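These notes are about the structure you will find just below.
Here is how names work: the chains are called A, B, and so on, in the same order as the sequence lines, proteins then strands, and each is numbered from 1. Source: prediction; values computed, not measured. Values reported hereafter were calculated over all heavy atoms of this structure, with side chains retained and with hydrogens, waters and symmetry mates removed.
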Amino acid sequence: MITPRPLDLSALNPAQREAVTVPPGPVLVFAGAGSGKTRCLTHRIAWLLGQGVDPAGILAITFTNKAAREMRERLAGLLGVLPEDPNSPLASMRIGTFHAQFMRLLRTMPLDEFGITSRFRVYDEDDSERVVKQALSDAGAADLKPDAVVDAISTWKNLGLQPDDALARASDAREYRLANLYAAYQIKLAASDAVDFDDLLLLPMLALSRDNALRSKWASRFRHVLVDEFQDTNAVQLELLKQLSSVHRSLWVVGDDSQSIYSWRGAQVENILSFEESFPDARRIVLDQNYRSTTTILNAANQLITANSRGIAKKLWSSHGAGHGIVFKRLIDEDNEALFIVREMRRLHVQLGVSYEKMAILMRKNSQSRALEAKLSLGGVPYRVIGGVKFWTRVEVKDLVSWLRAIVSPRDGMAWSRALSKPKRGIGAASIEKLAEYAASHGNDWVAACSAAVSGELAVTMRAAAREQLSQFILLRNGWANEAGSVEPQQLIRRVLSSSHLLESYDDGSDTSQRRQDNLAEVVNAAGAYEPGQLERMLDEVALSSEADNEAKEAVSVMTMHAAKGLEFPVVFICGCEAGILPMINSDDVEEERRLFYVGITRAQRLLYLTAAAQRSTWGKTSPQAVSPFVRELPADLLTKLPADRA
DNA sequence: TCAGCCGCATTTTTT
DNA sequence: ATGCGGCTGA
């Protein structure tokens with residue numbers, strides 16, 4: 001074991017130092033935007049290690065993979081070790097997202113009561129929606145929208161409710177039907193030996209609450225639990241945290257209620273607002289010194305958030321100067337808006353030497369990126385869109401991953417039906433349906449179903465061509481399944497790619513085909529990071545990650561304000577500052593929209609631009625756009641209003 | 001089984 | 001505008 005480098009606390013302000021060195025117990029750190037939250041968190045862990053705490057007893061939880069990676073890297077820096085050094089304290093510490101941590105825990109738990117094995121697969125939203133559609137068609141409920149059902153199920157799960165609870169609480173016919181669909185959905189998931197994202201948290205919570213021995217085992221193991229972005233936790237996550245800290249009671253959380261922007265995902269601001277009720281002996285520490293932004297930007301943000309009725313009043317302050325005024329510019333339409341932004345970026349780059357990676361364009365929704373991307377490439381400004389269509393959910397990528405999932409699991413129905421039908425080879429919906437039915441009544445075993453279709457009782461019902469294709473498919477699949485435990489994932493994927501003819505099937509000369517082939521190659525590339533026999537591990541990580549490793553290049557970042565949380569840029573453009581976009585027209589929580597705008601504004605370090613379009617085309621229709629009411633809530637003296645362009 | 005056509009909804013947002 | 005799901009005819 002390497003002795004940690006002595007920790008230097010002299011660079012911290014008094015509040016930060018208190019947060020780092022506070023005695024173990026329930027601790028709530030209110031950390032305003034840019035107040036050194038990650039710094040505190042990493043110093044806290046390093047300090048604990050310095051106190052002689054066993055790293056294996058430390059559990060540090062984030063919401064995103066990116067945040068987890070950053071925490072690991074910064075901690076490594078503090079400790080003077082490499083992030084992946086197997087001999088460092090980091091290696092035995094648990095740092096990761098809620099979903100990744102609790103998936104790991106769930107795999108070690110008894111799962112019979114849930115009808116799944118410890119080798120369960122994780123269904124993404126797309127898979128889940130397909131399962132819901134099946135349940136809907138089974139139930140003959142054509143009038144219910146899949147979205148609404150998915151929503152209802154997720155809401156229940158985020159509250160910690162199982163199908164029986166939902167049924168018991170149903171107060172009208174519609175809710176009763178939804179609850180029944182929830183039950184049907186859950187049965188289908190279990191049949192596929194699969195869980196969804198919400199289950200990764202719900203199932204461990206249920207298991208821990210029912211099994212006292214299990215709970216005390218894990219609660220004893222985790223001596224210190226630390227949580228980032230605590231304001232975004234939902235009921236299940238809070239319960240998990242209570243369970244895991246029930247023995248040592250060292251729960252250190254950091255968050256900011258002003259940056260709570262995920263209530264639509266079940267996040268409850270109450271978790272942070274009433275932390276002291278959950279933990280009466282909790283210490284509260286407030287970090288309100290901002291190290292990020294000019295006072296102009298901070299004052300604008302402070303003023304904006306006062307319009308919200310809920311929340312803990314706190315004013316961020318900074319010793320930075322006033323800096324430049326916030327630029328507001330209204331353009332004719334979204335194309336001109338994009339053009340203005342691109343020109344301004346080029347001007348900053350050429351005249352002031354600001355490198356492109358120091359600039360970001362933030363938007364309310366991903367669909368706004370279309371116009372921006374067009375003008376960015378036209379203007380020769382390098383850019384990358386963060387978020388957007390997730391790499392691992394692109395059709396061609398999912399096709400390939402489905403093959404891998406079918407290799408690993410004989411029960412993963414979604415993967416089997418997808419792999420069997422892509423690429424097209426004469427096995428259509430009708431054949432898949434027969435296989436699915438057979439599997440359902442034979443232990444959900446798709447290998448058995450395929451055998452039955454090739455030469456068993458199902459064979460008479462299949463066409464000769466389909467039977468021939470199935471025979472080849474199952475031969476290949478079983479061969480790979482035998483190797484999967486020992487061969488290099490990359491080797492295996494290369495073989496899958498060539499034998500399945502997936503790559504060729506996307507070689508149709510269309511403009512998207514090259515992109516799709518590149519994406520498939522990127523999957524092969526990503527597999528290079530895994531050791532022999534680690535295919536399942538790769539699939540786990542893929543299920544919980546959205547991004548492929550995107551190379552760091554000098555480029556402008558384009559992303560939603562949601563995706564920007566936790567980041568900072570010297571120059572920030574917030575586009576689409578219009579009523580209907582900010583706040584979003586169909587949002588029922590204006591205060592959350594305001595917090596989102598607050599998050600956007602507080603990403604900026606030196607220079608902030610707000611842009612709006614006077615008219616905007618949506619779905620082929622052009623409509624006039626009013627300026628966002630939020631812009632009017634900013635102090636006028638902090639704004640530099642450029643003359644609006646007129647049509 | 002599948003290509004091609006039509007009608008319709010879509011664009012809110014970590015994992 | 002565009003892409004998806006559903007339907008139809010070959």
Side-chain angles (χ1 to χ4, degrees), chain A residues 61-68 96-103 122-126 128-130 133 137 142 145-147 151 154 157-158 195-202 228-229 231-234 236-237 259-267 334 362-371 386-390 392-393 395 421 423-433 462-466 469 508 512 540-547 559-567 576 580-589 592-593 595-597 599-600 616-622:
Chain A
I61 308 178
T62 65
F63 273 86
T64 65
N65 294 306
K66 194 170 56 186
T97 65
F98 267 103
H99 290 84
Q101 297 287 0
F102 286 102
M103 172 171 76
V122 180
Y123 275 14
D124 66 15
E125 279 169 340
D126 178 61
S128 296
E129 190 172 320
R130 282 166 201 263
K133 282 179 183 164
S137 100
K145 282 189 189 168
D147 281 358
D151 239 42
S154 182
K157 289 189 173 184
N158 286 332
V195 302
D196 63 21
F197 285 143
D198 296 325
D199 285 338
L200 289 174
L201 306 173
L202 174 64
D228 191 16
E229 306 282 13
Q231 76 281 355
D232 289 333
T233 52
N234 64 29
V236 171
Q237 287 160 333
Q259 296 185 66
S260 162
I261 53 175
Y262 281 103
S263 72
W264 54 276
R265 290 276 297 132
E334 70 267 30
L362 308 185
M363 55 206 176
R364 176 61 183 84
K365 51 184 180 182
N366 281 119
S367 58
Q368 290 173 256
S369 78
R370 197 186 198 84
I386 318 263
V389 183
K390 311 276 184 287
W392 295 102
T393 64
V395 272
S421 52
K424 297 216 179 302
R425 62 169 102 65
I427 306 173
S431 306
I432 304 263
E433 183 55 31
M462 309 295 286
R463 291 187 185 196
Q469 290 292 332
D508 59 359
T512 55
D540 277 353
E541 289 179 16
V542 160
L544 298 182
S545 93
S546 48
E547 295 293 311
M559 68 187 100
T560 64
M561 284 181 269
H562 280 92
K565 196 178 62 165
L567 304 179
I581 295 182
L582 268 173
M584 187 71 97
I585 184 112
N586 40 7
S587 160
D588 44 21
D589 188 347
E592 177 147 319
E593 296 286 308
R595 290 194 294 269
L596 186 57
F597 191 39
V599 167
R616 189 172 285 272
S617 306
T618 319
W619 308 332
K621 283 198 178 63
T622 303

On a whole-Å scale, what distance lies between the P atoms belonging to dG6(C) and dT11(B)?
-> 16 Å
F63(A) ring over dT15(B) six-membered base ring, under 5.5 Å and 30° | no
Within this structure, what is the CZ-to-P distance between F597(A) and dT13(B), rounded to whole angstrom?
-> 18 Å
Within less than 4.0 Å of OP1 or OP2 of dT13(B), is there a side-chain N or O belonging to N366(A)?
-> yes
Of all heavy-atom pairs linking L200(A) and F102(A), the shortest is O-CB, 3.3 Å
Do E593(A) and R595(A) pass the side chain to side chain contact (heavy atoms under 4.5 Å, CB included) test, and can you show the C-alpha distance, the side-chain angles, and the key distance before you say yes or no?
-> CA-CA 5 Å; E593(A) 296 286 308; R595(A) 290 194 294 269; over 6 Å; no
Over how many whole Å does the gap from E592(A) atom CD to dT13(B) atom P extend?
-> 14 Å
Between D589(A) and S263(A), the two heavy atoms sitting closest are OD2-OG, 4.3 Å
Compare the aromatic ring of F98(A) with the six-membered base ring of dT15(B) and state whether they stack according to the 5.5 Å and 30° rule.
-> no
Return yes if the base of dT15(B) and the side-chain atoms of R265(A) contain a donor-acceptor N/O pair under 3.5 Å, otherwise no.
-> yes
Just call it for D124(A): base, sugar-phosphate, or nothing, with non-hydrogen atoms closer than 4.0 Å on any strand.
-> nothing
Yes or no on side chain to side chain contact (heavy atoms under 4.5 Å, CB included) for L362(A) and M559(A), after CA distance, side-chain angles and deciding distance?
-> CA-CA 5 Å; L362(A) 308 185; M559(A) 68 187 100; 3.8 Å; yes
Report the distance from atom CD of Q101(A) to atom P of dT15(B), rounded to the nearest whole Å.
-> 15 Å
How close or far is atom P of dT13(B) from atom CG of L582(A), stated in whole angstroms?
-> 13 Å
Whole angstrom value for the distance that separates C1' of dT13(B) from CZ of R595(A) = 13 Å
Determine the Euclidean distance between corresponding C1' atoms of dT14(B) and dG3(C); express it in Å to zero decimal places.
-> 25 Å
Which of these nucleotides, dG5(C), dT14(B), dT15(B), is closest to any side-chain atom of K133(A)?
-> dG5(C)
Between dT15(B), dT13(B), dT14(B), which nucleotide gets closest to the side-chain atoms of D232(A)?
-> dT14(B)
Pair R370(A) + E334(A): basic N to acidic O under 4.0 Å | no
Using a 4.0 Å heavy-atom cut-off across all strands, classify E125(A) as base, sugar-phosphate, or nothing.
-> base
So which of Q259(A), M584(A), R364(A) actually passes side chain to side chain contact (heavy atoms under 4.5 Å, CB included) with L596(A)?
-> R364(A)
Okay, side chain of N158(A), backbone of R265(A): is any donor-acceptor separation there less than 3.5 Å?
-> yes
Verify, without hydrogens or angle tests, whether Q368(A) (side chain) and K365(A) (backbone) share a donor-acceptor contact under 3.5 angstrom.
-> yes
Quickly work out the I61(A) CD1 to dT15(B) C1' distance and round it to whole Å.
-> 13 Å
Nearest-angstrom distance from the residue atom CG of L200(A) to C1' of dT14(B) | 14 Å
Any N/O pairs under 3.5 Å between the protein and nucleotides 1-8 of chain B? List them or say none.
residue : atom : partner : partner atom : Å
dT1(B)  : OP1  : S431(A) : OG           : 2.8
dT1(B)  : OP2  : A430(A) : N            : 3.4
dC2(B)  : OP1  : G426(A) : N            : 3.0

Donor-acceptor pair, D196(A) side chain versus D199(A) backbone, under 3.5 Å?
-> yes
Between protein and nucleic acid, restricted to nucleotides 9-11 of chain B and to nitrogen or oxygen atoms under 3.5 Å apart, what atom pairs and distances do you find?
residue : atom : partner : partner atom : Å
dT11(B) : O2   : S367(A) : OG           : 2.7

Length of the line joining Q231(A):CD and dT13(B):P, which is rounded to integer Å | 19 Å
Non-neighbouring partners of Y262(A) that pass ring-ring contact (aromatic ring centres under 6.0 Å, His included), sequence neighbours left out = W264(A), H562(A)
